[in-house]
Amino acid sequence: MNSYLENVLEQTKKRNSEQKEFLQAVDEVLSTIEPLVEAHPEYEKLSILERMVEPERAILFRVPWVNDEGKVVVNRGYRIQFSSLIGPYKGGLRFHPSVNLSIMKFLGFEQIFKNALTGLPIGGAKGGSDFDPKGKSEGEIMRFCQSFMTELYRHIGQDVDVPAGDIGVGGREIGYLFGQYKRIRDAYEGGVLTGKDICYGGSLARKEATGYGLLFFMKEMLSAHGQSLQGKTVTISGSGNVAIYACQKATSLGAKVVAMSDSNGCIYDENGIDLDCIKEIKEVKRGRIKEYLECHPNAKYMESNGEDSPIWTIKTDIALPCATQNEISLNSAKKLVKNGVIAVGEGANMPSTKEAAEYFLEHGVLFAPAKAANAGGVATSAIEMTQNSIRYYYTFDEVEKKLERIMINIFNDCKKAADEYGHSGNYIMGANIAAFKKLSDAMKAQGVV
Ligand code: NDP
Ligand code: 2IT
């Protein structure tokens, strides 16, 4: 590896030795942009890489709230404002017990590149809490969100930092967060949060956007390699926001989704997943995926053993990991390849380990990396901000068309960069190089900041 790159990677490891997910994300970017760094010797003097891996600001705060038993519970809140180079900080909030500084920083770091790829003026951020929404009452969720916002409000704003949803944060939570922000600020600042409900300033198609965008990207990538979604078998991990709308679009584009999962296990339905049943379980009852068997007794359920997810043992043409980071291990990648997978599209953030992603590339599997393939969510968030700014609503169709155009552009940018730097077909390199180039140009233009 180029010695400048190697030094920065070493320094980053020393400084953040406890943060394994963050280091994994940095390693993935730095180890794929060598041709760009070689072509730009000025990066070293300007410390472009050192600046890119250090968040502009990392905020950590206490979130006290009262549970239904009247006991005070204390959670930890985070907001990592990673980069404002090309727009206000922008990125989701995750509520999950696994949340820690490393996970927040990896997600914030990924977000700056993803957001740059959208071609829209949005910087990168991530936030959240180790609060576990599972099993909490409506009242508890609302009180937690209100307390979280009572601290977060001072750090955000529609031209400053614009949070949205992620794992454990959907329309319901965004509503409670928005209500509290509005109350504290005593003003309607619609663009301060995205993923809002349509009835108070949200965008049509934002809910669908990440899953739909993933399929638009897959369609483009497959077509560039003489393939299509028509008649393909698809497995999708997770059954949350991204997974549900990925399933919907995959089906409408002619594929057959045969498996979905949650953190407890996965269901396999050879007749094709009944998405209405999944939506009822997940969006209405907030139940477990196993309940699918109640409406489809002939489907199969496989319980997770806490290690490799059983969903990756199922034979499929296309695998769409849409749950969480590192959910595809090398072992799972080997099973997928052995079973004939032709393409993998990352709906979740960093769902493949580095070894798994490399294994896919080495075995000729078309690989759509997260920061490009799942950028449709944040891109549509930016379209929501646009509508809030001009105080107007676009139709579902208008937003979907813009989203599709953006995903096609992202694919073309990734392809162009991969071709230009001599790694055709490697969209990990293409995405990282295209995004890094854009950010480093902005960094150079803005002086030492
Ligand atoms: P949701 O909370 O709606 O759904 C998450 C799904 O993933 C659930 O089915 C959940 O199962 C499963 N899951 C979560 N954590 C784990 C885990 N540790 N092990 C196994 N399964 C798990 O979140 P989203 O659909 O919004 O997010 C899914 C992924 O997509 C995340 O990686 C997120 O960062 C990424 N993403 C989301 C975007 C968005 O717009 N929402 C945009 C771009 C990326 P269970 O219910 O059992 O916990
Ligand atoms: O990971 C992501 O891109 C998101 N969770 C969506 C962020 C956003 O601001 O819409």
Side-chain angles (χ1 to χ4, degrees), residues 21 87-99 103-104 106-115 117-118 120 122-128 132-135 161-174 191-196 202-203 205-214 236-247 260-267 278 281-283 286-290 304 306-311 320-328 346-352 370-385:
E21 292 85 0
Y89 304 112
K90 179 84 196 89
L93 297 172
R94 177 178 290 190
F95 292 169
H96 193 272
S98 63
V99 161
I103 291 181
M104 292 286 99
F106 119 64
L107 289 163
F109 182 71
E110 288 286 291
Q111 199 81 42
I112 61 179
F113 299 100
K114 181 194 309 195
N115 294 7
L117 286 172
T118 65
L120 300 169
I122 39 179
K126 200 78 185 192
D132 186 358
K134 277 203 193 86
D161 182 354
V162 182
D166 192 81
I167 293 177
V169 178
R172 172 180 65 169
E173 290 74 20
I174 293 293
V192 70
L193 289 170
T194 59
K196 300 181 293 295
S203 173
R206 171 60 187 93
K207 188 173 67 175
E208 292 82 358
T210 311
Y212 279 22
L214 171 66
I236 303 179
S237 66
S239 45
N241 174 264
V242 180
I244 286 177
Y245 295 96
C247 179
M260 290 181 80
S261 68
D262 63 19
S263 56
N264 293 110
C266 78
I267 43 144
I278 297 281
I281 296 168
K282 291 294 175 182
E283 293 187 336
R286 297 182 187 271
R288 309 310 304 159
I289 203 147
K290 192 178 183 180
S304 279
E307 289 175 17
D308 292 343
S309 170
I311 196 167
L320 302 177
C322 295
T324 194
Q325 65 275 356
N326 291 327
E327 54 170 313
I328 302 190
E346 297 190 316
N349 285 307
M350 203 168 76
S352 311
K371 57 173 81 66
N374 74 29
V378 75
T380 307
S381 279
I383 300 173
E384 181 173 336
M385 291 162 71

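Numbering of ligands and ligand atoms starts at 1, following listing order.
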Just jot down the ligand 2 atoms closer than 4.0 angstrom to any heavy atom of [X], in number order.
X: Ser381; result: 8 (C), 9 (O), 10 (O)
X: Gly165; result: 4 (C), 5 (N), 6 (C)
X: Gln111; result: 1 (O), 2 (C), 3 (O), 7 (C)
X: Ala164; result: 8 (C), 9 (O), 10 (O)
X: Lys114; result: 1 (O), 2 (C), 3 (O)
X: Lys126; result: 1 (O), 2 (C), 4 (C), 5 (N)

[atom]: which protein heavy atom is closest, and how many Å away?
atom: atom 45 (P) of ligand 1; result: Ser263 OG, 3.5 Å
atom: atom 16 (C) of ligand 1; result: Thr324 CG2, 3.7 Å
atom: atom 34 (O) of ligand 1; result: Asp166 OD1, 2.6 Å
atom: atom 4 (O) of ligand 1; result: Gly240 CA, 3.3 Å
atom: atom 13 (N) of ligand 1; result: Ala323 CB, 4.0 Å
atom: atom 24 (P) of ligand 1; result: Val242 CG2, 3.9 Å

With a 4.0 Å cut-off, would you call Asp166 and Lys126 a salt bridge? yes
Which of the numbered atoms in ligand 1 are below 4.0 angstrom from a heavy atom of [X]?
X: Ala348; value: 29 (C), 30 (O), 32 (O), 35 (C)
X: Gly347; value: 30 (O), 35 (C), 36 (N), 44 (C)
X: Gly238; value: 9 (O)
X: Cys322; value: 28 (C), 29 (C)

Assess the side chains of Glu327 and Ser237: does a donor N or O sit below 3.5 Å from an acceptor N or O? yes
Are Asn349 and Lys114 close enough, and set up right, to give a side chain to side chain donor-acceptor pair (under 3.5 Å), and what steps lead you there? CA-CA 10 Å; Asn349 285 307; Lys114 181 194 309 195; 2.9 Å; yes
Measuring to protein heavy atoms, does anything land under 4.0 Å from atom 10 (C) of ligand 1? no
Is a donor on one side and an acceptor on the other found under 3.5 Å between the side chain of Asn374 and the backbone of Thr210? no
Is there at least one pair of N or O atoms, one from [X] and one from ligand 1, spaced under 3.5 Å apart?
X: Lys134; value: yes
X: Asn264; value: no
X: Gly168; value: yes

Using salt bridge (Lys or Arg N to Asp or Glu O under 4.0 Å) as the criterion, point out the one residue from Lys196, Lys90, Lys207 that pairs with Glu384. Lys196
